[in-house]
Amino acid sequence: LLERDARLAPNNPLIFYQLAKLTYLLDDYDKSQEAIETACGLAPRNFEFLFFRALLHHKRYQMTGDMEQFNLGIDAVKKLQEMQPDDSRTRDIRLMLMEERRVKEGSDPAAAPQG
């Protein structure tokens with residue numbers, strides 16, 4: 001129904017945001033990213049849309065290690081910080097991205113060989 005609604009109301013960012021969340025929950029991250037990009041394009045200063053975009057990029061980076069996803073996540077966090085500098089959720093996403101990068105690059109002390 002959301003896909004139908006998106007076709008019927010292609011200028012309504014809320015529909016695309018809802019579609020992004022639904023497809024995320026269904027583990028269809030490509031469709032989710034497409035939908036959230038559309039929502040953000042239609043409402044580029046919507047904090048909640050950008051916040052979801054950052055979470056999605058973190059998830060995709062976590063799953064794939066794709067540095068483009070990391071960089072897109074950091075860019076989204078920067079925009080969020082400009083909008084609401086004191087928002088703790090934004091700091092948390094940035095920390096999650098940085099921690100995931102540290103682990104993926106092998107600088108995690110727990111990942112070091114014991115012996």
Side-chain angles (χ1 to χ4, degrees):
L1 292 176
L2 284 171
E3 288 175 343
R4 180 209 61 197
D5 291 350
R7 285 189 306 276
L8 293 173
N11 294 319
N12 185 329
L14 187 55
I15 292 171
F16 287 96
Y17 175 59
Q18 292 171 338
L19 181 59
K21 292 190 304 181
L22 177 64
T23 52
Y24 178 92
L25 291 173
L26 296 171
D27 297 331
D28 191 340
Y29 303 116
D30 290 337
K31 277 190 180 179
S32 182
Q33 186 156 350
E34 182 180 324
I36 198 60
E37 294 301 329
T38 301
C40 288
L42 293 168
R45 301 291 300 166
N46 184 299
F47 188 85
E48 293 305 315
F49 296 0
L50 289 171
F51 184 79
F52 182 80
R53 179 199 257 172
L55 286 175
L56 178 59
H57 288 306
H58 171 258
K59 178 69 171 179
R60 294 190 83 175
Y61 176 63
Q62 186 180 41
M63 292 176 57
T64 66
D66 181 357
M67 282 304 293
E68 180 180 3
Q69 292 298 323
F70 173 83
N71 291 330
L72 290 169
I74 291 296
D75 288 345
V77 166
K78 287 178 184 176
K79 288 177 186 174
L80 290 167
Q81 288 175 324
E82 289 172 10
M83 294 170 74
Q84 294 184 21
D86 298 325
D87 188 89
S88 63
R89 298 174 302 163
T90 302
R91 285 192 303 270
D92 291 346
I93 294 174
R94 186 178 197 293
L95 290 173
M96 289 187 315
L97 279 162
M98 298 307 289
E99 176 64 15
E100 190 67 35
R101 182 175 179 185
R102 186 179 67 78
V103 169
K104 286 191 180 312
E105 289 180 350
S107 58
D108 181 12
Q114 302 293 322

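- In this structure, K59 and Q69 have side chains that are not in contact, with every pair of non-hydrogen atoms separated by 4.5 Å or more.
- Residues forming a side-chain contact (heavy atoms from CB on, under 4.5 Å) with E68 (at least two apart in sequence, or on another chain): D66, L72.
- The shortest distance between side-chain heavy atoms of R102 and M98 does not fall below 4.5 Å.
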Please set out all donor-acceptor pairs under 3.5 angstrom arising from side-chain atoms of residues 5-19, sequence neighbours excluded.
from, atom 1, to, atom 2, distance (Å)
R7, NH1, E3, O, 3.4
N12, OD1, L14, N, 3.0
N12, OD1, I15, N, 3.4

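- Residue pairs meeting the ring pair (Phe, Tyr, Trp, His ring centres under 6.0 Å) criterion with at least one partner in residues 71-103, sequence neighbours excluded, are absent.
- Of all heavy-atom pairs spanning R45 and M83, the tightest one is O-CE, 2.7 Å.
- For the residue pair T90 and F51, the shortest heavy atom distance occurs at N-CE1, 4.4 Å.
- Within the structure, the ring pair (Phe, Tyr, Trp, His ring centres under 6.0 Å) test picks out no pair touching residues 72-91 (sequence neighbours left out).
- Applying the salt bridge (charged side-chain N to carboxylate O under 4.0 Å, His left out) test to residues at least two apart or on different chains, the pairs with a partner in residues 78-89 are E48-R89, D87-R89.
- For the ring pair (Phe, Tyr, Trp, His ring centres under 6.0 Å) condition, the pairs that include at least one residue of residues 61-99, sequence neighbours left out, are Y61-F70.
- With sequence neighbours left out, D28 forms a side-chain contact (heavy atoms from CB on, under 4.5 Å) with T23, D30, K31.
- Both M63 and I36 belong to a single network of hydrophobic side chains, linked directly or stepwise wherever heavy atoms of I, L, V, M, F, W or Y lie under 4.5 Å apart.
- In this structure, CG in L50 is found 4.5 Å from SG in C40, a value given to the nearest 0.5 Å.
- Residue I93 holds its CD1 atom at 10.5 Å from CZ of F52, rounded to the nearest 0.5 Å.
- Across all non-hydrogen atoms, the minimal contact from L80 to A54 is CD1-CB, 4.1 Å.
- Under the ring pair (Phe, Tyr, Trp, His ring centres under 6.0 Å) criterion, no residue pair touches residues 75-99, with sequence neighbours excluded.
- What you find for G73 and L97 is that their closest heavy atoms are C-CD1, 3.7 Å.
- When the side chains of ILVMFWY residues are joined at heavy-atom separations under 4.5 Å, either directly or via intervening members, V77 and F47 end up in a single hydrophobic cluster.
- Hydrophobic clustering keeps L55 apart from F49 (ILVMFWY residues linked when any side-chain heavy atoms are closer than 4.5 Å, directly or through intermediates).
- Distance CZ/R4 to CG/L1: 5.0 Å, rounded to 0.5 Å.
- With a 6.0 Å radius and a threshold of 12 heavy atoms from other residues, nucleotides or ligands, R94 has its CZ atom at or below the threshold.
- Residues satisfying the side-chain contact (heavy atoms from CB on, under 4.5 Å) test with L22, not counting sequence neighbours, are L2, L26.
- Annotation: salt bridge (charged side-chain N to carboxylate O under 4.0 Å, His left out) contacts involving residues 17-27, sequence neighbours excluded, are absent.
- E37 meets the side-chain contact (heavy atoms from CB on, under 4.5 Å) test with Q33, R53, H57; sequence neighbours excluded.
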